[in-house]
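Order of the sequence lines fixes the chain letters, A, B, ..., with proteins taken first and strands second; residue numbering starts at 1 for each chain.
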There are 2 protein chains.
Amino acid sequence: MLTKKGLKEFCADARENYLPHISIDCVVFGFHEGIMKVLVLKVQNEDEWYLPGGFMLKNEPIEMAANRILKERTTLDKIFLQQFNVFGDPERSKEHFDMYKDMLPAKENWFSNRFLTIGYYALVDFFETNPNPDQFAESCEWRGLDDLPDFKLDHALILKTALDTLRLQLNYQPIGYNLMPKEFTMPELQKLYEAILDKKLDRRNFQRRMLGFGILTRSDEPRKGGAHKAPYLYSFDLENYEAALKEGFKGGW
Amino acid sequence: MLTKKGLKEFCADARENYLPHISIDCVVFGFHEGIMKVLVLKVQNEDEWYLPGGFMLKNEPIEMAANRILKERTTLDKIFLQQFNVFGDPERSKEHFDMYKDMLPAKENWFSNRFLTIGYYALVDFFETNPNPDQFAESCEWRGLDDLPDFKLDHALILKTALDTLRLQLNYQPIGYNLMPKEFTMPELQKLYEAILDKKLDRRNFQRRMLGFGILTRSDEPRKGGAHKAPYLYSFDLENYEAALKEGFKGGW
DNA sequence: TACAATTGTGTCATTAATACACTATGATTT
DNA sequence: AAATCATAGTGTATTAATGACACAATTGTA
């Protein structure tokens, strides 16, 4: 959608339905083949990338807006969302100002306003997610943390802040639960933690501690068909998990 | 400031200078006589209370707006501020809608809009702070966490969320440094932690751990003139403190 | 000068974290 | 069939951190 007519319609529609000056941007984390991935969108005909985002209806709760936006991008309905920061540097809007500035006069152009953006991070099951581009994008795809594109606006900062928050909250939020599939092996879970923390952990100590939390249930049958010794399958005991999270996994005083 | 004329002027001025739909509310923590206190404002002629807050100039960074607002309330210039949440439930604005609704038609009334409010908590030195009411308030004063008034809007929720955040961040933010005066005794610092965490700590273990962080400098001279054994005075070694904070006081993996 | 209140300090037991090595299994190669 | 490779499962010894606990020192007051 890049025609002048389409843009004009979008702007008129936006002015009528959305709260001005406020946007939502989401960092959607998924975990695949031992790598943390993030959902990114590519601008049509440009090597420019951005995070899934959108605007808030005039009478819509913030988190509901984030959910609505992400449902469009992922087809997922109930998504674990965590608000982590508002980005509001007036400079961040300057790049916005320039968007489509040749196609529409500033007065009509929705994008020629200052925007504060509310940052959410989302945790999704990689295998359940079907990435869909939005109307400004050419594509929507997963990119590993080790292979991130150049982002528009302050989206690199937003992503970095989300990741920092994720690391800090690793012990307080059900991060494993939301990122892993229903059943998984201990080495797979360990790889998730290693990917988030970006460091190697000791297999034996990891397993001891994880099991010590009492939030995992071991399946009777190990996973078969792999090329090596069959690993046990685990799943989260959601009840115990949520109880443990209320306290936080780690003490502190 | 409650005259129709004054309100009209305020609204006209606000519409011209502030971003619409966005406000800032601050939970200002101070520590005095062993109790955590919060700065609260009282509505003129009503037993209604609210947190210090305000609006953002159209081209002003968020944190600068929070600083400006708090400078007016506290006379303090460089304040430790931490953004912790945006509150945007459409219901929260309903009470706003009613404000001054008899004095001005909705179209002119700045307050008859939906507002998302960005929550900041601030940590200040109680003794350096001079509370000043804003134009809608009759008074601005400290209230202990054990003696909080009934708040307007969702300000009780904002305060609770700030406090929860403060507890979680106790090991990652220079909370002691900002709340204590330059020099303090170990029992005083312990009382701060006990007030924040709302539980008793063991004197000996607290001291051992605190000193173990290597962020305190013990003054040569103990505090004299007290009614009991003269306690040592400590101050924060800012350099070590900030280095330690980068890591966080506690490990986690 | 005895007492009350408070501060300073040390030790022991328990728990948690770290470092580290061998055995077991299943598929592949020889 | 036996050896090999890759991966998974398990245990123990050392060290560090935490939690529980008791007594001595100082200062003003009764």
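With distances taken from any side-chain atom of Arg209(A) to the nucleotides dG8(C), dA17(C), dT25(C), the minimum falls on dA17(C). The side chain of Met186(A) sits closest to dG9(D) out of dC20(C), dT9(C), dG9(D). Closest contact between the side chain of Arg203(A) and the listed nucleotides dA17(C), dC20(C), dA8(D) involves dA8(D). Closest to the side chain of Asn205(A), out of dT18(C), dA5(C), dG26(C), is dT18(C).
Counting any heavy atom pair closer than 4.0 Å across all strands shown, Arg218(A) reaches sugar-phosphate atoms only and no base atom.
Residue side chain Arg208(B) reaches the base of dG19(D) through a donor-acceptor N/O pair under 3.5 Å, judged by distance alone. At a cut-off of 3.5 angstrom, the base of dG8(C) holds no donor-acceptor pair with the side chain of Arg204(B).
Thr117(A) pairs with exactly one of Asp25(A), Asn85(A), Asp154(A) by the side chain to side chain donor-acceptor pair (under 3.5 Å) rule, that one being Asp25(A).
Distance CD (Gln190(B)) to C1' (dT6(C)): 12 Å, rounded to an integer number of Å. Counting to the nearest Å, the P atom of dC23(D) and the NZ atom of Lys229(B) are 17 Å from each other. Between the P atom of dA19(C) and the CG atom of Leu201(A) lies a distance of 11 Å, rounded to the nearest Å.
If you find the closest nucleotide of DNA chain C to Asp202(B) and to Pro187(B), the one lying nearer the 5' end belongs to Pro187(B).
In this structure, Phe184(B) has its ring center under 6.0 Å from that of Phe236(B).
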Next item on the list: Show the numbers, then the answer: is there a side-chain contact (heavy atoms from CB on, under 4.5 Å) between Glu188(A) and Tyr234(A)?
Entry: CA-CA 10 Å; Glu188(A) 286 167 356; Tyr234(A) 293 87; over 6 Å; no
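Note: Trp142(A) and Phe126(A) have tilted aromatic rings, judged against thresholds of 30 and 60 degrees for the angle between ring planes.
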